[in-house]
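Some notes on the structure that comes next.
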Amino acid sequence: MRMHTAAGRFLGKTLKQFPRHELILSSKVFFPVGEGTNDRGLSRKHISESIDRSLTNMQTEYLDLYFCHRFDPETPLTETLQTLSDLVDKGKILYYGVSEWTPVQILEAQLVIQERGLHPMAVIQPEYNMFDQYIEHESLDVCQKLGLGVVPFSPLSQGLLTGKYRKGQPIPAGSRATYQDQIQALLTDDNLDKVEALVKMADELNTDLATFALAWALRDPRISSLITGASKPSQLENNLKAIDLTIPDDYYARVDQLFDFKKFSRKIG
């Protein structure tokens with residue numbers, strides 16, 4: 001909790017040097033920020049207190065995007081969505097969305113929004129990368145139908161698709177794999193074999209794996225943007241190269257073959 005508060009204050013102080021209308025600021029709500037019963041979830045109380053705390057820490061009057069980090073089965077969906085719509089009315093947020101909600105949960109939310117005449121949901125934030133393509137089963141179709149933006153996180157699969165983790169080579173000092181369980185669990189022989197094949201494809205296209213992976217994720221016009229991280233300017237500049245990278249169709253086919261991903265389709269005979 002203290003870390004997030006400090007980060008928000010630092011960000012708010014830093015961004016004061018820029019005109020507010022040139023910035024897109026977002027935050028999330030759901031996970032615990034304390035030990036109390038009301039310090040978590042998507043209740044009206046927790047959402048209301050969380051947004052006020054974020055606005056204070058970031059020294060801004062509103063957020064452009066506010067996300068429900070996860071679905072809250074303990075809070076009525078009507079309460080959550082009414083609260084978010086009220087925040088739009090109050091000018092504390094401009095748009096809201098959800099992260100890692102199932103297609104059914106998104107559709108349930110849409111029904112509530114329509115029935116109550118609430119401000120609409122605008123965007124979803126799922127995980128999406130070559131190693132995790134689950135949103136291609138149903139989520140992208142649902143979002144297209146509802147007119148929702150799709151802004152995936154982890155397009156480089158926790159760093160696995162940067163090319164810095166290679167089979168038979170030591171884990172780079174200072175990398176997240178030295179301390180984070182999520183990336184450590186991904187460093188299997190099978191995944192690293194796939195990385196080697198992808199590095200070869202990127203080399204053939206005269207680019208690096210990270211740029212190739214980001215361009216691959218942007219190939220679908222239903223993807224609005226990608227959430228990427230950068231610890232130095234050179235990484236940001238390299239990520240931006242993905243916008244202009246043209247990937248031939250046969251490379252998309254090679255990636256499909258490598259991962260053997262098939263969109264779920266139940267055939268009724």
Side-chain angles (χ1 to χ4, degrees), residues 26-33 39-44 46-47 50-51 63 65-88 93 95-158 160-161 181-183 185-186 213 216-228 256 259-268:
S26 72
S27 187
K28 293 182 177 181
V29 60
F30 175 77
F31 285 120
V33 294
D39 291 333
R40 69 199 70 198
L42 297 178
S43 67
R44 173 175 286 272
H46 183 55
I47 292 176
S50 293
I51 186 65
L63 294 180
L65 295 170
Y66 202 44
F67 289 95
C68 296
H69 209 316
R70 293 291 186 271
F71 186 82
D72 184 359
E74 298 180 355
T75 300
L77 192 53
T78 52
E79 178 179 333
T80 296
L81 295 170
Q82 183 68 62
T83 302
L84 293 168
S85 186
D86 290 346
L87 292 182
V88 176
I93 63 175
Y95 305 97
Y96 67 91
V98 301
S99 180
E100 295 290 82
W101 283 27
T102 68
V104 170
Q105 291 165 346
I106 293 171
L107 288 169
E108 287 178 341
Q110 180 67 12
L111 289 175
V112 172
I113 291 167
Q114 291 176 339
E115 289 174 355
R116 300 177 72 94
L118 305 178
H119 287 289
M121 186 187 304
V123 62
I124 72 165
Q125 188 186 107
E127 182 168 358
Y128 182 55
N129 54 65
M130 292 177 178
F131 284 95
D132 192 349
Q133 302 179 39
Y134 83 96
I135 63 172
E136 294 187 26
H137 288 301
E138 294 179 321
S139 296
L140 287 178
D141 292 336
V142 168
C143 289
Q144 184 178 34
K145 180 72 174 179
L146 299 180
L148 298 177
V150 183
V151 184
F153 71 90
S154 197
L156 296 179
S157 189
Q158 303 291 328
L160 183 60
L161 289 168
D181 293 340
Q182 287 176 300
I183 180 61
L186 293 173
W216 176 89
L218 287 169
R219 76 197 187 286
D220 193 314
R222 293 173 295 182
I223 301 296
S224 308
S225 184
L226 298 174
I227 297 175
T228 61
D256 289 343
F259 286 91
D260 194 30
F261 174 83
K262 294 179 176 63
K263 182 177 177 178
F264 174 76
S265 178
R266 181 171 179 262
K267 295 183 178 179
I268 302 177

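The first residue in the sequence is number 1, and the count goes up from there.
- Rounded to the nearest 0.5 angstrom, Ser139 OG and Gln144 CD are separated by 12.5 Å.
- In this structure, the side chain of Asn129 does not engage the main chain of Leu156 through any donor-acceptor pair within 3.5 Å.
- Looking at Ser224, its side chain never comes within 3.5 Å of a backbone N or O of Val151 through a donor-acceptor pair.
- Taking every heavy atom of both residues into account, Pro152 and Ser225 meet most closely at CD-O, 3.0 Å.
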Handout entry: Step-by-step side chain to side chain contact (heavy atoms under 4.5 Å, CB included) determination, Val123 to Val150
Key = CA-CA 6 Å; Val123 62; Val150 183; over 6 Å; no

Exercise for the section: I would like to know whether Cys68 and Leu84 meet side chain to side chain contact (heavy atoms under 4.5 Å, CB included); could you show each step before the answer? Expected result: CA-CA 9 Å; Cys68 296; Leu84 293 168; 3.5 Å; yes

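- The shortest heavy-atom contact between Tyr66 and Ile51 is OH-N, 3.4 Å.
- A 4.5 Å side-chain heavy-atom check between Glu138 and Val104 finds every atom pair outside the cut-off.
- To the nearest 0.5 Å, the span separating OG on Ser26 from OH on Tyr95 amounts to 14.0 Å.
- Phe131 places none of its side-chain heavy atoms less than 4.5 Å from the side chain of Gln158.
- Taking every heavy atom of both residues into account, Met130 and Phe259 meet most closely at O-CD2, 3.4 Å.
- Judged by a 6.0 Å distance limit and a 45° cone about the ring axis, Lys28 is not positioned over the six-membered ring of Tyr96.
- Between Arg116 and Glu79 no salt bridge is recorded (no basic side-chain N to carboxylate O distance below 4.0 Å).
- Salt-bridge check for Arg40 with Asp72: failed, with every basic side-chain N at 4.0 Å or more from each acidic carboxylate O.
- Side-chain contact between Cys143 and Ile124: present, with at least one pair of heavy atoms (C-beta onward) separated by less than 4.5 Å.
- By the 4.5 Å heavy-atom criterion applied to side chains, Pro126 and Ile135 are counted as neighbours.
- Here the side chains of Gln125 and Ile227 are in contact, with some heavy-atom distance below 4.5 Å.
- The distance from atom CG of Leu140 to atom NZ of Lys263, rounded to the nearest 0.5 Å, is 8.0 Å.
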Practice task
Just do the side chain to side chain contact (heavy atoms under 4.5 Å, CB included) check on Glu100 and Phe153 with the steps written out, would you?
Solution key: CA-CA 10 Å; Glu100 295 290 82; Phe153 71 90; 4.0 Å; yes

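- Separating the CD1 atom in Ile93 from the CG atom in Leu65 is a distance of 9.0 Å, to the nearest 0.5 Å.
- The line from OG of Ser157 to CD1 of Ile183 is 6.0 Å long, rounded to the nearest 0.5 Å.
- In this structure, the side chains of Gln82 and Leu118 come closer than 4.5 Å at one or more pairs of heavy atoms.
- For the residue pair Leu148 and Met121, the shortest heavy atom distance occurs at CD2-O, 3.2 Å.
- Between Arg44 and Thr75, the closest side-chain pair of non-hydrogen atoms is not below 4.5 Å.
- Across all their heavy atoms, Ile47 and Leu42 have their closest contact at CD1-O, 3.5 Å.
- Under a 4.0 Å N-O distance rule, the pair Asp256/Lys262 does not qualify as a salt bridge.
- The nearest pair of heavy atoms linking Thr228 to Pro155 is CG2-CG, 3.9 Å.
- Sorted by first and then second residue, the ring pair (Phe, Tyr, Trp, His ring centres under 6.0 Å) pairs involving residues 109-128 (not counting sequence neighbours) are Tyr128-Trp216.
- Enclosure of atom NZ in Lys145 is not indicated, since only 12 or fewer non-hydrogen atoms of other residues, nucleotides or ligands lie within 6.0 angstrom.
- Note: Gln133 CD to Glu127 CD = 11.5 Å, rounded to the nearest 0.5 Å.
- Between Phe264 and His137, the ring-plane angle classifies as perpendicular under the 30° and 60° cut-offs.
- Residues Gln105 and Leu77 have side chains not in contact (no heavy-atom distance under 4.5 Å, counting atoms from C-beta outward).
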